[in-house]
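Inspection log for the structure reproduced underneath, given as structure tokens.
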Number of protein chains: 2
Amino acid sequence: MAAKRSGAQGKRSRRMDVAIPSVQASRSEPPLSLERIVATALELLDAQGVDGLTMRRLADRLGSGAMSLYWHVDNKEEVFDLALDAVLEYRRPPQTVETHDWRGDVVHMLEDWRASMLRHPWSAALLPRRALGPNMLSRLELLSKTLSGAGVADADLNVAIWSVWNYVMGATITRGSFDLSADDRAAGQLRLTQLSERYPTIERSRLLLDDDWNGAFRRGLDFLLDGVAPRQ
Amino acid sequence: MAAKRSGAQGKRSRRMDVAIPSVQASRSEPPLSLERIVATALELLDAQGVDGLTMRRLADRLGSGAMSLYWHVDNKEEVFDLALDAVLEYRRPPQTVETHDWRGDVVHMLEDWRASMLRHPWSAALLPRRALGPNMLSRLELLSKTLSGAGVADADLNVAIWSVWNYVMGATITRGSFDLSADDRAAGQLRLTQLSERYPTIERSRLLLDDDWNGAFRRGLDFLLDGVAPRQ
DNA sequence: ACCTGAACACCGTTCAAGT
DNA sequence: ACCTGAACACCGTTCAAGT
């Protein structure tokens, strides 16, 4: 609320609106733009994680003053929103033949969603805290349409989607954070071994060292899909 | 690494180690202690959320200087760890008769876990980022033992546990954050309606307005458990 | 239209010092 | 053993001003 100016304005203003800016003084930085800001934010986030993104650092990388960002963007949260939605863009597979393999389609969509987030490990944990951007909505729409086409009744559609959402988000958030600290996990398992009288079962199964994330994801997903929309 | 002193030391030092402290000057604050710090941190987190917890504010509520906390605690992260594990304490149900209803036991454990986190909506999003504390390990141990007793093969145990973990965490994190912003969701659905040519399916099912969280959680969980360990 | 620096009200934590 | 204040190196953002 209380929208200032900016936002959309900043976005369109670069595409030959008024005049072609005189050739940029030698090879100094190109002018600021939403595109450059988002791209650089992604770099920073990938390199330094969520806490690494700072308005000041971001501006620094862009070769501008910290406050210049605020003409293009309302606040730091908007930077997060834009970066997040950039990650979630869905490039549909090259519309091959009409498959009627809805299960395969769904699995593909979900694995692509997960993979997109894992490519930017900060993104999954951010997603549930933010409003759903257009790219995420598109993914949900496509998922919903596919499930619906697969015969899931309208009354069951929301449960199906949220179940799958919960599973994918949980898997990806966990994977994204646990993965960063493989050392911690080894240390954890060690501590577990020392306390093996207290945690015998998970010590024995080496729960904390298990790292077949992809396999576990896929197998759990199959269980869930079996229930959500039984194979025909 | 590089452990200073403190930590465990601070913890035990209050229980009549040296001498009974002279009756606290009138009714001013009791002395600092890990217990008080954690309890107050919980209050602050419940009231203000993750960003609301500040070492300075925490000390303020405790009637001490900001730096006094650092004798009891290594850093802010440790405060989070302690608060988180406090939330996850599991009070087992009054060991009634030996039930052999493993499925009921598992469902109870998972619903209790979810409910514990939802009572402190900041906690779920924190859990995947932190090392697993003793209370969480106990929960996993109990879960593991129960599934194992229900006939899940050792080779499948980790997949089963991580699947369930993923689902519960995803559901709880999502619920915890979406719930805070019911207005946003209504606004989102409104925006969706305006864009209904772009997102017809999820617009029609009113996905963003669905709020039978408990029912959806339970139904999705049943699907998953059916797959993880088929009803005998 | 776009960018800037100074300033404000915050942070977590180190350090040297108090009792 | 326990607590403290001053200080450092940061934050996000407002504001009034520059071009």
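Letters A, B, ... mirror the listed sequences (proteins, then strands); counts begin at 1. Hydrogens, waters and symmetry mates are skipped; everything else that's a heavy atom, side chains included, is used.
Put simply, CG on Leu58(B) is 15 Å from C1' on dT13(C), counting in whole angstrom units. In this structure, CG of Leu53(B) is placed 15 Å from C1' of dC10(C), rounded to the nearest angstrom. If you measure from atom CG of Asp51(A) to atom C1' of dC10(D), you get 13 Å, rounded to the nearest angstrom. Rounded to whole Å, atom P of dC10(C) lies 18 Å from atom NZ of Lys76(A). Across the protein-nucleic acid pair, Leu69(A) atom CG and dA1(C) atom C1' stand 16 Å apart, rounded to whole Å. The distance between atom CE of Met55(B) and atom P of dT14(C), rounded to the nearest whole Å, is 10 Å. The separation between Arg56(A) atom CZ and dG5(C) atom P is 12 Å, rounded to whole Å. Distance Asp74(B) CG to dT14(C) C1': 14 Å, rounded to the nearest Å.
To the nearest 0.5 Å, the span separating CG on Leu157(B) from OG on Ser144(B) amounts to 4.0 Å. Rounding to the nearest 0.5 angstrom, the gap separating the CE atom in Met67(A) from the CZ atom in Arg56(A) is 9.0 Å.
Across all strands shown, dG12(C) pairs with dC8(D); the Watson-Crick or G-U wobble distances both stay below 3.5 Å. Pairing for dA17(D) is absent, judged as Watson-Crick or G-U wobble with the two contacts each under 3.5 Å.
Look at Glu77(A) and Arg130(A) and you find a salt bridge, because one of the NZ, NE, NH1 or NH2 atoms lies within 4.0 Å of a carboxylate O, short of that distance.
OP1 or OP2 of dC11(D) sits under 4.0 Å from a side-chain N or O of Thr54(A). Put simply, His72(A) has a side-chain N or O that comes within less than 4.0 Å of OP1 or OP2 on dC3(C). OP1 or OP2 of dC11(D) lies within a sub-4.0 Å distance of a side-chain N or O belonging to Arg57(A).
When distances run from any side-chain atom of Asn75(B) to the nucleotides dT13(C), dT4(D), dC11(C), the shortest one goes to dT13(C). Taking every side-chain heavy atom of Leu32(B) into account, dC3(D) is the closest of dG12(C), dC3(D), dC3(C). Taking the side chain of Trp71(A) as heavy atoms from C-beta on, and the options dC2(C), dT13(D), dC3(D), the nearest nucleotide is dC2(C). Nearest to the side-chain atoms of Met67(B) among the listed nucleotides dG12(C), dC15(C), dC11(D) stands dC15(C).
At distances below 3.5 Å, at least one donor-acceptor pair connects side-chain atoms of Asn166(B) with backbone N or O atoms of Trp162(B).
Within 4.0 Å of Ser68(B), counting heavy atoms only, lies at least one base atom of the nucleic acid.
Evaluated for a salt bridge (Lys or Arg N to Asp or Glu O under 4.0 Å) with Glu43(B), the options Arg36(B), Arg57(B), Arg61(B) yield exactly one hit, Arg61(B).
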